[in-house]
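A short write-up of the structure that comes next.
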There are 2 protein chains.
Amino acid sequence: MEAPIKILIADDEPDIIEIISFHLNKLGYEVATAKDGSEAIEKANSFAPDCIILDVMMPKRTGFEVCEYLRTQKKFDKTLIVLLTALNDEASHIKGLELGGDDFISKPISPKVLVSRITALFRRLQPTESDKKIITINDLMIDISQYKTVLKGVTYVLAKKEFELLYLLAAQPGRVFLRGEILSQVWGNDVIVGDRTIDVHVRKIRAKLGIDCITTVKGVGYKFNY
Amino acid sequence: MEAPIKILIADDEPDIIEIISFHLNKLGYEVATAKDGSEAIEKANSFAPDCIILDVMMPKRTGFEVCEYLRTQKKFDKTLIVLLTALNDEASHIKGLELGGDDFISKPISPKVLVSRITALFRRLQPTESDKKIITINDLMIDISQYKTVLKGVTYVLAKKEFELLYLLAAQPGRVFLRGEILSQVWGNDVIVGDRTIDVHVRKIRAKLGIDCITTVKGVGYKFNY
DNA sequence: TTACTTAGTTAACAATTTGATAATGTTAAC
DNA sequence: GTTAACATTATCAAATTGTTAACTAAGTAA
């Protein structure tokens, strides 16, 4: 990235805000702040940050709520979301992951830990594997440039949505995609479709390919597994 | 880290030095000491510690001054700095964080607290990905991003609540979780479920995994133990 | 245009899984 | 040895997902 990386910090404790922004500023990041959940969403829209640090416990809207909302917006597709939780609050970790958080940092905060985590996150964001156009898993090949799916040398024609769904899941085999995540990635956030729609598409993929490459994780979502 | 972790302790009270170094030594850390700020800087250079514990109130140079100086040196980039402050001295706390301190411990010092804080600091510095989503204990692996539980290479499918319960307990092996604690973490505060519900889920986990990884602490709660 | 095809969605229903409870059996503590 | 706490089992209701068929809209060829 050429322009300075922009980071939004949302916390209701001014001290925390001050400390974090001081350190991030020193490192050359462009920093904006918000003192509650509602302001966080406003600032997220106007400031368009690359990374948002959200305290879980905030007035008006909690960090979870903000995270959940942001993840429904295509605009914040690639925005990193870091949640600040109370120490050893494992349940929050689970909840946060389900809502699409990218990392968690426990309070009390060490500036060094925070900064190293954030830089690590950005490092991981570098386009290496992720923007490869062709996914190959065993004898299954998924080529997005041709919208083509080849299994054991045989080409299968998937419809657009079917293909996009398969591609999304296969891009990260094993990782569980929540239904909401799938909806926003494949269908977009402005389209409203029922829940059964995903099932039906999954079924069609399974039927066409004739293999059980998509595993259901009940109560959670689906994952690619072949 | 392969070599023993090196810790430098700087305090003008010999008693404090002695107590802290005794406990850290016992845990296998390599310890050096300094009795004032100037000596702290000398020793920091010659000893090259991984972690420096600084009393804020010291002769010659205060902990703040030492901290500020160290932070200007590239050499001490990755060195953890822990400041010892007077009880409830919020101003020092903030000032210290701004100067690049990583943690604060209030006097009077409990050796146990000190040690646990330091190990926690080292742990939190670890890369995010590994300790964020995957818990590994011996030959048991719990991966929340895949909702997967692998024991001795065999994958076991746990239901959502089962998984979350196991994850909660396994995140802090040995620690006893009270029933109320488990309820609020796994089920949430607004849901009201009976006490037997926990038992049943614990039983299901034990049955599925086939190992006694969850120990009952009668009259108190449960703990992970494997 | 008209008839035909296809993709995408929905609705209705079936099948499955899960979570919670109640009832009863066991165990450990006092 | 009694009692409180926990384990076990069976059972049921609710939640979740799978399946099928039908409908709509859009595209395509005659």
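Since this is a predicted model, take the numbers as computed values, not measurements. Letters go in sequence order (proteins before strands), and every chain restarts at 1.
- In this structure, CD1 of I198(A) is placed 11 Å from P of dT10(C), rounded to the nearest angstrom.
- Between K152(A) and D139(A), at least one side-chain N (NZ, or NE/NH1/NH2) sits under 4.0 Å from a carboxylate O, which counts as a salt bridge.
- A distance-only check finds a donor-acceptor pair linking the side chain of K6(A) to the backbone of F47(A) [under 3.5 Å].
- For K208(A), the NZ atom sits in a packed shell: over 12 heavy atoms of surrounding residues, nucleotides or ligands are nearer than 6.0 Å.
- Between the CG atom of D212(B) and the C1' atom of dC6(D) there is a distance of 13 Å, rounded to whole Å.
- Between F163(B) and I142(B) the shortest side-chain heavy-atom distance falls below 4.5 Å.
- Comparing R179(A) and R179(B) by the nucleotide of DNA chain D whose heavy atom lies nearest to each, the residue mapping closer to the 5' end is R179(B).
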- Task: Going 5' to 3' through nucleotides 18-26 of chain C, assign each nucleotide B (protein heavy atom under 4.0 Å from a base atom), S (under 4.0 Å only from sugar-phosphate atoms) or - (no protein heavy atom that close).
- Result: SBSB-----

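- Ion pairing between a basic and an acidic side chain is recognised when a charged N comes within 4.0 Å of a carboxylate O; R179(B) and D199(B) show such pairing.
- Across all strands, Y222(B) comes closer than 4.0 Å only to sugar-phosphate atoms, never to a base (heavy-atom distances).
- For I214(B) and dA7(D), the CD1 to P distance is 10 Å, given to the nearest whole Å.
- Distance, F177(B) CZ to dC6(D) C1': 20 Å, rounded to whole Å.
- Between the CG atom of N25(A) and the CZ atom of F22(A) there is a distance of 9.0 Å, given to the nearest 0.5 Å.
- Here the P atom of nucleotide dT9(D) and the CZ atom of R206(B) are 13 Å apart, to the nearest Å.
- The pairing partner recorded for dG1(D) is dC30(C), the criterion being a Watson-Crick or G-U wobble arrangement whose two distances lie under 3.5 angstrom.
- Per the geometry, CG belonging to D199(A) stands 17 Å off P belonging to dC13(C), to the nearest Å.
- Atom CE of M57(A) has 12 or fewer heavy atoms from other residues, nucleotides or ligands within 6.0 Å.
- At the phosphate of dG18(D), OP1 or OP2 sits under 4.0 Å from a side-chain N or O atom of T216(A).
- Residue L178(A) contributes atom CG, which lies 11 Å from atom P of dT17(D) at whole-angstrom precision.
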